[in-house]
Structures are given as C-alpha cells and as structure tokens.
Amino acid sequence: MLNLTPHAIVVETDNGQITLEPSGTVARVSTHTRVVGTLDNGISVVERSYGEVENVPELLCDPFLVSSMVLDRLPKEYSGVAFAPDTGPNDGCIRDSKGMIQAVTKLVAV
C-alpha cells in the first residue's frame, strides 16, 4: 500500500505488525488563512479555509494511505482505494504511556 504521509505507519494485526514506510510523496490539503483579529496579549487569530487535495493518485490506482484530513476531503469515488490510520479515542490505536501513537489497529475508509 502506498503511504502518502510523511512518516511510517505501523498497523497491528492478528498476525503481527505491518510497517508502511512513507513513499516520499505527501498528500496534502491546500489551506488559506486570513487574519481576523488579535488577542489582548498580541497573539494573532486567523480563520482557515481548506481547498483542493494535492498529490493524490488518479482513480483506478492501487490502494493508498493518507492523513485523516486528506481522507475527509476526498470524494466518495475513492472508497475502497483511499484509507487513513484510525487514531480515534476508542480502540483504533495503541498509545505509549505519554499518549504518543505507536500503532493503529484499523484503517478508516472514505
């Protein structure tokens, strides 16, 4: 499976761990920010909007892995092709004592 995230993803299965190494290409969602104000302490406040998905294969491709933000922006036509690690609060991931994700147990589909 093509990993379009910037880091290795470890998936824990009944048969052991599978590590999906990054491909070198990272799928992203373009963002646009606009300053909407400043707090009393001088911290700027921005409004963010999201645009197009970048660096995702055309359909009729092999399955690939992206971040959840990218997955949320893909059309339903990518169902069964595009997946994201399940990092939800339930039983989707394995965390260390500091809360850092060590592995996921499931993938999320479009």
Side-chain angles (χ1 to χ4, degrees):
M1 177 178 287
L2 184 65
N3 179 355
L4 298 176
T5 73
H7 49 272
I9 303 295
V10 178
V11 182
E12 183 76 37
T13 72
D14 291 340
N15 299 323
Q17 289 187 340
I18 299 168
T19 301
L20 303 167
E21 296 294 339
S23 66
T25 299
V26 178
R28 301 259 187 222
V29 175
S30 64
T31 59
H32 310 281
T33 57
R34 179 176 70 91
V35 176
V36 294
T38 305
L39 300 178
D40 290 340
N41 58 9
I43 298 173
S44 295
V45 178
V46 299
E47 182 180 81
R48 181 174 291 143
S49 61
Y50 299 97
E52 298 296 316
V53 175
E54 302 166 348
N55 298 326
V56 172
E58 299 280 328
L59 280 173
L60 301 178
C61 58
D62 291 331
F64 60 89
L65 190 64
V66 294
S67 70
S68 60
M69 178 183 273
V70 171
L71 190 73
D72 288 345
R73 300 271 184 249
L74 288 174
K76 292 290 183 192
E77 291 81 12
Y78 280 92
S79 180
V81 178
F83 302 91
D86 182 4
T87 58
N90 297 323
D91 63 348
C93 65
I94 299 167
R95 296 178 185 270
D96 66 15
S97 61
K98 295 180 182 178
M100 301 297 294
I101 296 171
Q102 301 301 301
V104 295
T105 59
K106 298 177 277 200
L107 299 177
V108 179
V110 172

task: Evaluate the side-chain contact (heavy atoms from CB on, under 4.5 Å) criterion for residues Thr19 and Glu21: first the C-alpha distance (whole Å), next the side-chain angles of each, then the deciding distance (0.1 Å), finally the verdict.
output: CA-CA 6 Å; Thr19 301; Glu21 296 294 339; 3.3 Å; yes
query: Checking side-chain contact (heavy atoms from CB on, under 4.5 Å) for the pair Lys76/Val110: CA distance, chi angles, key distance, verdict?
result: CA-CA 6 Å; Lys76 292 290 183 192; Val110 172; 4.2 Å; yes
How long is the span from the [atom1] atom in [X] to the [atom2] atom in [Y], to the nearest 0.5 Å?
| X | Y | atom1 | atom2 | value |
| --- | --- | --- | --- | --- |
| Leu74 | Met69 | CG | CE | 12.5 Å |
| Ile9 | Cys93 | CD1 | SG | 11.0 Å |
| Gln102 | Arg95 | CD | CZ | 10.0 Å |
| Leu65 | Asn3 | CG | CG | 5.0 Å |
| Leu2 | Thr25 | CG | OG1 | 7.0 Å |
| Ile94 | Gln17 | CD1 | CD | 7.0 Å |

message: For Asp14, is the CG atom crowded, meaning more than 12 foreign heavy atoms sit under 6.0 Å from it?
response: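 Counting other residues, nucleotides and ligands, CG of Asp14 stays at 12 neighbours or fewer.
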Same cluster (ILVMFWY, side-chain, under 4.5 Å), [X] and [Y]:
| X | Y | value |
| --- | --- | --- |
| Leu39 | Val36 | yes |
| Tyr78 | Leu4 | yes |
| Phe64 | Leu20 | no |
| Ile18 | Val10 | no |
| Val26 | Leu71 | no |

field: Heavy-atom closest pair, residues Val66 and Ala27
entry: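 The answer is CG1-CB, 3.8 Å.
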field: Least distance between heavy atoms, Pro63 atom then Phe83 atom
entry: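 Closest pair (atom of Pro63, atom of Phe83, distance): CB-CE1, 4.1 Å.
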field: Sidechain-backbone polar pair: Thr5 side chain, Ser67 backbone, donor-acceptor under 3.5 Å
entry: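 No; zero donor-acceptor contacts below 3.5 Å.
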- prompt: Between Thr87 and Val104, is a side-chain contact (heavy atoms from CB on, under 4.5 Å) present by the stated rule, with each step listed?
  reply: CA-CA 7 Å; Thr87 58; Val104 295; 4.1 Å; yes
- prompt: Taking NZ, NE, NH1 and NH2 as the nitrogens, is one of them in Arg28 or Glu54 under 4.0 Å from a carboxylate oxygen of the other?
  reply: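 Salt bridge absent between Arg28 and Glu54.
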query: Checking side-chain contact (heavy atoms from CB on, under 4.5 Å) for the pair Cys61/Val81: CA distance, chi angles, key distance, verdict?
result: CA-CA 7 Å; Cys61 58; Val81 178; 3.5 Å; yes
